[in-house]
Protein chains: 2
Amino acid sequence: MSIPDPSWGTHAHTVLEEAGHRRGGARDEVIDLLASQACALSAQDIETALRAQGRAVGRASIYRALDVLVEYGLIKRLEVGRAEACYEPANPGGHHHHHVVCEVCGELAAFDDRELEAAIARLGARLGMHIDDHDVLLRGTCRECAGRVPTATPPQHLHQH
Amino acid sequence: MSIPDPSWGTHAHTVLEEAGHRRGGARDEVIDLLASQACALSAQDIETALRAQGRAVGRASIYRALDVLVEYGLIKRLEVGRAEACYEPANPGGHHHHHVVCEVCGELAAFDDRELEAAIARLGARLGMHIDDHDVLLRGTCRECAGRVPTATPPQHLHQH
DNA sequence: TCTAATAATGGGACTCAGTCTCGGAAACAG
DNA sequence: CTGTTTCCGAGACTGAGTCCCATTATTAGA
């Protein structure tokens, strides 16, 4: 449940500029949208949101922007078991979190846990290979859904919150 | 790393039969192939392998079979950051493992770790929601790749081992 | 054994996320 | 201002996965 970090957008612009990237309208729109968002967005969400704001951006440009941002570690790509990938700003400080997805309503929530991080760090050392990154995804039933539908059949299509 | 469990195929057939599923050729082929396989397979791999054995099965039937198997918890679906999902037999005893994927060559390896499982179990309790399942994916560089290409640019297309 | 009911199959059209291409527009250096 | 280079957008394309439906196979029950 990361509160959107207002400085992330600036930071992202700076990093790209220092890396010699020119400043183009499309990428800026994507960065600004991500900076204002608390939750992970899919490429599709981004396209829709920008179009709704009257700032339509070509699909290719959105994917290009996301690729560059991932490359510089400015955003993180999430696979949440849905068809599309989601993207969310990465905290410059290296502090990161993981996600729980509700199997009933598709609600995506974030959490962080030092014990889990510590366990993974130790594990990496034990495996004897260098671990750059890791993902943890928990699947369960959120409290609202647990109360609402005790034994419902899980829906095939989850909706993003 | 998992040695294929010869009894898994029988177990899968039994579970489906007891659940009232009729026995059709296509699903049996998929189950038998998965039972003989040590590593996770994509739907595409399954289609290719069956065709190569002269036991071609319609694509729709493969996906149907996989859906049913996932539904009964007989196989596990893996998202490994690639385009396609992979599937592997789930151990009936509930014992499971996670994966490390090499960012250079795409090699997929399995590991299990009691400490990690314990940390996740405690975490679930702390979050106050019921957790059915979890995935952990580590990304890093395997030993061969670490020795071979110290600072190569990671390839865009990973190949399944 | 025969039959009816119903589940499973397969081919192929379809969907949809993501990629590629290429001509044109914008940004920066000089 | 001008040339170079990067960036952009539209749309064609790819490929995984889904859907549909006529046909085939399985199984229970007569």
Side-chain angles (χ1 to χ4, degrees), chain A residues 12-13 16-33 40-51 54-72 75 77-87 155-160, chain B residues 12-33 40-51 54-72 75 77-87 155-160:
Chain A
H13 285 304
L16 294 184
E17 193 170 343
E18 286 176 355
H21 284 274
R22 292 181 184 173
R23 231 184 136 126
R27 191 163 52 213
D28 285 4
E29 297 293 355
V30 173
I31 290 175
D32 292 348
L33 180 65
L41 292 179
S42 69
Q44 231 55 229
D45 294 334
I46 294 172
E47 186 169 6
T48 309
L50 289 178
R51 190 179 307 283
R55 311 178 167 197
V57 158
R59 196 183 320 149
S61 301
I62 292 174
Y63 284 106
R64 262 189 300 248
L66 292 173
D67 283 348
V68 172
L69 291 168
V70 165
E71 189 182 335
Y72 287 89
I75 60 176
R77 181 192 164 99
L78 308 176
E79 310 267 351
V80 194
R82 257 174 262 165
E84 355 69 76
C86 293
Y87 299 84
Q156 296 307 81
H157 305 290
L158 302 180
H159 304 100
Q160 176 161 26
Chain B
H13 285 304
T14 309
V15 169
L16 293 184
E17 193 171 344
E18 286 176 355
H21 283 275
R22 293 180 182 175
R23 228 181 140 129
R27 191 163 53 214
D28 285 6
E29 297 294 353
V30 172
I31 291 175
D32 293 346
L33 180 65
L41 292 179
S42 70
Q44 230 56 227
D45 293 337
I46 294 171
E47 186 169 7
T48 308
L50 290 178
R51 190 178 306 283
R55 310 177 167 197
V57 157
R59 198 184 318 149
S61 302
I62 292 175
Y63 283 107
R64 261 189 302 251
L66 292 173
D67 283 348
V68 171
L69 291 169
V70 165
E71 188 182 334
Y72 287 90
I75 60 176
R77 181 193 165 99
L78 308 176
E79 310 266 350
V80 194
R82 257 175 262 167
E84 355 69 75
C86 292
Y87 300 85
Q156 295 308 78
H157 303 291
L158 302 179
H159 304 100
Q160 176 162 26

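Just so it is clear: chains get the letters A, B, ... in the order the sequence lines come, proteins before strands, and each one is counted from 1.
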Original post:
So does B/Ser61 get a side-chain nitrogen or oxygen closer than 4.0 Å to the phosphate oxygens (OP1/OP2) of C/dA8?
Top reply: no
Subject >> Rounded interatomic separation in angstrom, taking CD from B/Glu17 and C1' from D/dA25 >> reply: 15 Å
Original post:
Can you find a donor-acceptor N/O pair under 3.5 angstrom joining the side chain of A/Arg64 to the base of C/dG18?
Top reply: no
Original post:
Reckon A/Tyr63 has a side-chain N or O less than 4.0 Å from the OP1 or OP2 of C/dT19?
Top reply: no
Subject >> Side-chain heavy atoms of A/Asp32 within contact of A/His13, under 4.5 Å >> reply: yes
Original post:
Just how far, in rounded Å, is P of C/dA17 from OH of A/Tyr87?
Top reply: 12 Å
Original post:
Do the side chain of A/Arg22 and the base of D/dT5 come within less than 3.5 angstrom through a donor-acceptor pair of N or O atoms?
Top reply: yes
**OP:** Would you tell me if any nitrogen or oxygen in the side chain of B/Gln44 comes within less than 4.0 Å of OP1 or OP2 on D/dA16?
**Re:** yes
**OP:** Look at the side chain of A/Arg59 and the base of C/dG18, then say whether one donor and one acceptor between them are separated by less than 3.5 Å.
**Re:** yes
**OP:** With DNA chain C as reference, determine whether B/Gly20 or B/Ala56 sits nearer its 5' end, using the nearest nucleotide of each.
**Re:** B/Gly20
Subject >> Working for side chain to side chain contact (heavy atoms under 4.5 Å, CB included), residues B/Leu33 and B/Arg55 >> reply: CA-CA 11 Å; B/Leu33 180 65; B/Arg55 310 177 167 197; over 6 Å; no
Subject >> Heavy atoms of other groups near A/Glu71 CD, more than 12 under 6.0 Å >> reply: yes
Subject >> Any A/His21 side-chain nitrogen or oxygen under 4.0 Å from OP1 or OP2 of D/dC7 >> reply: yes
Original post:
Any side-chain N or O of B/Arg23 under 4.0 Å from OP1/OP2 of D/dA25?
Top reply: no
